[in-house]
Novice: 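The structure under discussion is supplied below as C-alpha cells; questions concerning it will follow.
Heavy-atom basis, side chains included; hydrogens, waters and symmetry copies ignored.
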Amino acid sequence: MSVNFPEMSSEAFRDGGDIGALIRARDWSETPLGPISSWPHSLKTVVDLILASPVAMIVLWGPDLIQIYNDAFVVTCGDKHPQGLGQAHQAVWPEVWEFNAPIFEAVRRGETRSFTGQP
C-alpha cells in the first residue's frame, strides 16, 4: 500500500470508509491534535493503516490519549460514537479508566502489555 497525505484534510484518508469521511469533515484545529496538515507523519500513517483494516482498531495519541478508530471499532463504541472520535479516552470511557490507566502508564514507560481471553 502506498501512503500519500495531501495537506488538505478534505483529501486525507479518502479510502477510510465512514470514519475516514468523519475525520475529513471534522475541524481538528479544535482538538489537541490540531489540523490534519500539522499531524506528524507517524500519526497520519497509523490512522491510514487502521482505517484500511477490517479489524476493530483504535489509536490513542498524545498526552491526552485522543482517540481515533476505524469503522469496525464503531460496534465497540456503541452510543459513544460519533462523539468519541477525536476526544480524550478518559473522558469517553470513564467506566474503564481505572483498569486502563495503569496499562497506558506502563506503555508510556516503554513496557509491553498484551492480553488474551479478555471479555
Side-chain angles (χ1 to χ4, degrees):
M1 167 177 31
S2 173
V3 179
N4 182 15
F5 300 106
E7 291 303 308
M8 299 294 294
S9 62
S10 63
E11 297 299 320
F13 314 118
R14 174 85 34 216
D15 298 326
D18 292 341
I19 299 299
L22 286 174
I23 291 171
R24 289 190 310 275
R26 183 175 186 129
D27 181 0
W28 288 91
S29 65
E30 297 178 354
T31 75
L33 296 181
I36 292 173
S37 62
S38 72
W39 290 6
H41 186 73
S42 54
L43 176 57
K44 292 176 185 177
T45 299
V46 74
V47 170
D48 195 56
L49 290 171
I50 70 160
L51 291 176
S53 177
V55 175
M57 300 177 86
I58 186 170
V59 172
L60 305 176
W61 195 267
D64 296 325
L65 301 172
I66 301 301
Q67 55 182 37
I68 300 174
Y69 46 83
N70 64 4
D71 286 347
F73 196 82
V74 170
V75 174
T76 302
C77 291
D79 64 358
K80 296 174 185 293
H81 173 73
Q83 301 86 348
L85 185 66
Q87 299 299 313
H89 185 74
Q90 182 177 8
V92 177
W93 300 96
E95 67 275 17
V96 295
W97 185 251
E98 186 176 321
F99 177 81
N100 286 343
I103 297 165
F104 299 150
E105 286 307 314
V107 170
R108 282 185 176 144
R109 291 189 303 268
E111 299 172 22
T112 302
R113 294 287 188 261
S114 63
F115 302 91
T116 57
Q118 298 298 305

Novice: Taking everything shown except Asp27 itself, do over 12 heavy atoms lie less than 6.0 Å from its CG?
Specialist: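 Atom CG in Asp27 is crowded, with more than 12 foreign heavy atoms closer than 6.0 Å.
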
Novice: Just do the side-chain contact (heavy atoms from CB on, under 4.5 Å) check on Ile23 and Leu51 with the steps written out, would you?
Specialist: CA-CA 10 Å; Ile23 291 171; Leu51 291 176; 4.0 Å; yes

Novice: Work out which heavy atom in Ile36 is nearest to a heavy atom in Lys44; give both atom names and the distance.
Specialist: O-CE, 3.0 Å

Novice: Please report the C-alpha distance between Trp28 and Trp39 in whole Å, then the side-chain angles of each, then the deciding distance to 0.1 Å, and finally whether the side-chain contact (heavy atoms from CB on, under 4.5 Å) criterion is met.
Specialist: CA-CA 10 Å; Trp28 288 91; Trp39 290 6; 3.6 Å; yes

Novice: So do Trp61 and Val47 actually touch side chain to side chain, heavy atoms under 4.5 Å?
Specialist: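 No, their side chains stay 4.5 Å or more apart.
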
Novice: Which heavy atom of Pro32 sits nearest to which heavy atom of Ile66, and what is that distance?
Specialist: CG-CD1, 3.8 Å

Novice: First locate atom CD1 of Ile58, then atom CH2 of Trp93, and finally report the distance between them rounded to the nearest 0.5 Å.
Specialist: 7.5 Å

Novice: If you take all heavy atoms of Ala72 and Pro54, which pair is closest and at what distance?
Specialist: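 Reported closest heavy-atom pair: CB-O, 3.4 Å.
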
Novice: With the side chain counted from C-beta on, respond yes when Phe73 and Ile19 share a heavy-atom pair under 4.5 Å apart, and no when they do not.
Specialist: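 They are not in side-chain contact.
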
Novice: Can you confirm whether Leu33 sits close enough to Leu43 that some side-chain heavy atom of one is under 4.5 Å from a side-chain heavy atom of the other?
Specialist: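 Yes. Closest side-chain heavy atoms under 4.5 Å.
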
Novice: Run the side-chain donor-acceptor check on residues 101-112: report pairs under 3.5 Å with partners two or more places apart or on a different chain.
Specialist:
from, atom 1, to, atom 2, distance (Å)
Glu105, OE2, Arg108, NH1, 2.8
Arg108, NH2, Pro63, O, 2.9
Arg109, NE, Glu111, OE2, 3.1
Arg109, NH2, Glu111, OE2, 3.4
Glu111, OE1, Arg113, NH1, 3.4
Glu111, OE1, Arg113, NH2, 3.0

Novice: Name every donor-acceptor pair, under 3.5 Å, that has one atom in a side chain of residues 78-87 and the other anywhere in the protein, sequence neighbours excluded.
Specialist:
from, atom 1, to, atom 2, distance (Å)
Lys80, NZ, Val92, O, 2.8
Lys80, NZ, Glu95, OE2, 3.1
His81, ND1, Tyr69, OH, 2.7

Novice: Is the side chain of Asn70 donor-acceptor paired with the backbone N or O of Met57 at a distance under 3.5 Å, no angle test?
Specialist: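 Checked: pair present.
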
